[in-house]
Amino acid sequence: MRIGIVCYPTFGGSGVLATELGKALADKGHQVHFITYQQPVRLNEFNANIFYHEVRVTTYPLFDYPPYETALSSTMVDVIKNNNLDLLHVHYAIPHASAAYMAKKILEAQGKKIPVITTLHGTDITLVGRDKTFAPVVAFSINESDAITAVSGNLKDETNKTFEIRKDIEVIYNFVDVRRFHRKPIDAFKKVIAPNGERILLHASNFRKIKRVKDVVYIFNEVNKKIKSKLLFVGDGPERPGAEDLCRELNLCDDMRFVGRQEQMEDILAIADLFVLPSEYESFGLAALEAMAAGVPLISTHVGGLPEINVDGKTGFLSAVGDIEAMSNHAIEILRDDATLKKFKTNAAEHAKKFDIHTIVPQYEQLYNRFCKCL
Ligand code: GMT
């Protein structure tokens, strides 16, 4: 099958998921065409079945806002026609679903039918999508998609609450390649981070407000009083300077590191003991699933799709947003002795298998097959 994939090429979960999906489909013999403005970060190896088409936006002095969506639709038309694609799968509704609708209509006028599948990822509905400036276009283009998927049951419910959606939204969970995250810790690396065998806590995100990164610092501060620990911050974004200031204020600088954006998450996760995700909302929490696949238990909030992946008391704990005390106590409970930590680590790794790439990718293939009998 010849599949077009449209996504954000950055470190965000939706782009990571879309890229991993494309790579998995290519490994299974499908021809995959990525259409995006930059090479996706996880598209880092050669595969004869993968093609990358860059969206170029022509600038002109009149344009205060270069029309990316128009360029994207035009590139979609070009790639679909010239590569005779069977299907277009867009990730993150804004502006991908509406650009796909435009491309579909243009091709229809030229006698080519192209099914469009839209996968909703979270903030395209719950934060940005519901904003008045986008909502009518988002609702319309989602409804015009041939199929709609959401990455969790919670996101499906939120979408139906936010918009009048006339089609059934199918839940296809995000996935992880469990084998890839099953890594042995690199001892030398672990020694640099935790020279005296301290526990290692980890947070990875885009450091946006919704992630509540300062809560991670407060939780770490409490844990560190009881159990000697180190904290690793992976990623970057607008809330990072505030979190760094807080570390200095609390005199924690010797025990934490901000390592910025990293591609080798599997090596970092291999040395971690606990993943902390105190977000205000997460439609799924792909970074948390990757942590679990690496056998890292999870301290998270009880919001969005997180209860669908984090089993309270088994793979980690769930707490109310902002409840630093509960999250710190839960972290201490997990980290307090080796036997308890080992039990949580094993449970986390075991539960992550439910979301393995080999279980989830066939669900997308079955969906594609409903619109195109060419698999
Ligand atoms: O806004 C973000 O957090 C980024 C966004 C994205 O586009 O990567 O993340 C969303 O999609 C991920 C992949 O499906 C989910 O794992 C994240 O939970 C979701 N973020 C939110 O819902 C806040």
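Atom set for the values below is all heavy atoms of this structure, side chains included, hydrogens, waters and symmetry mates excluded. Numbering of ligands and ligand atoms starts at 1, following listing order.
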>> Are any of the N/O atoms on Gly15, whether in the backbone or the side chain, positioned under 3.5 angstrom from an N/O atom of ligand 1?
In response: no
> Would you say ligand 1 has an N or O under 3.5 Å from any N or O of Phe284?
Replying inline: yes
>> Evaluate Thr126 for polar contact with ligand 1, using N/O atom pairs at a separation under 3.5 Å.
In response: no
> Got an N/O contact under 3.5 Å between Val151 and ligand 1?
Replying inline: no
> Taking non-hydrogen atoms only, is Tyr8 closer than 4.0 angstrom to ligand 1 via side chain, backbone, both or neither?
Replying inline: neither
> Under 4.0 angstrom from ligand 1, any heavy atom of Arg208?
Replying inline: no
> Quick check: does Glu282 get an N/O under 3.5 Å from an N/O on ligand 1?
Replying inline: yes
Could you pull out all donor-acceptor pairs under 3.5 Å where a side-chain atom in residues 211-219 meets a protein atom, sequence neighbours excluded?
| residue | atom | partner | partner atom | Å |
| --- | --- | --- | --- | --- |
| Lys211 | NZ | Glu282 | OE1 | 3.2 |
| Lys211 | NZ | Glu282 | OE2 | 2.8 |
| Arg212 | NE | Asp215 | OD2 | 2.7 |
| Arg212 | NH2 | Asp215 | OD2 | 3.2 |

> Hey, is Leu155 touching ligand 1 through its side chain, its backbone, both or neither, going by heavy atoms under 4.0 Å?
Replying inline: neither
>> Is Asn174 close enough to touch ligand 1? Criterion: a residue heavy atom under 4.0 Å from a ligand atom.
In response: yes
> Only one of Thr123, Leu127, Asn154, Thr301 forms a side chain to side chain contact (heavy atoms under 4.5 Å, CB included) with Tyr281, so which one is it?
Replying inline: Asn154
> Numbering the atoms of ligand 1 from 1, which are under 4.0 Å from a heavy atom of Tyr92?
Replying inline: 7 (O)
> What closest approach, in Å, do Ala349 and Ala293 show between heavy atoms, and which atom pair accounts for it?
Replying inline: CB-O, 4.4 Å
> Of all the atoms in ligand 1, which lie at a distance below 4.0 Å from a heavy atom belonging to Lys211?
Replying inline: 3 (O)
>> Exactly one of Thr126, Thr119, Val171 should register a side chain to side chain contact (heavy atoms under 4.5 Å, CB included) with Leu155. Which one does?
In response: Thr126
> Taking both backbone and side-chain atoms of Tyr281, is any N or O found less than 3.5 Å from an N or O belonging to ligand 1?
Replying inline: no
>> Which of the numbered atoms in ligand 1 are under 4.0 angstrom from any heavy atom belonging to Ser283?
In response: 15 (C), 17 (C), 18 (O), 19 (C), 21 (C), 22 (O)
>> Tell me the contacting part of Leu127 for ligand 1: side chain, backbone, both, or neither, using a 4.0 Å heavy-atom threshold, strictly below.
In response: neither
> Relative to the heavy atoms of Leu286, which atoms of ligand 1 are at a distance of less than 4.0 Å?
Replying inline: 16 (O)
Review item, side-chain donor-acceptor pairs of residues 56-70, under 3.5 Å, at least two apart:
| residue | atom | partner | partner atom | Å |
| --- | --- | --- | --- | --- |
| Glu69 | OE2 | Ser98 | OG | 2.7 |

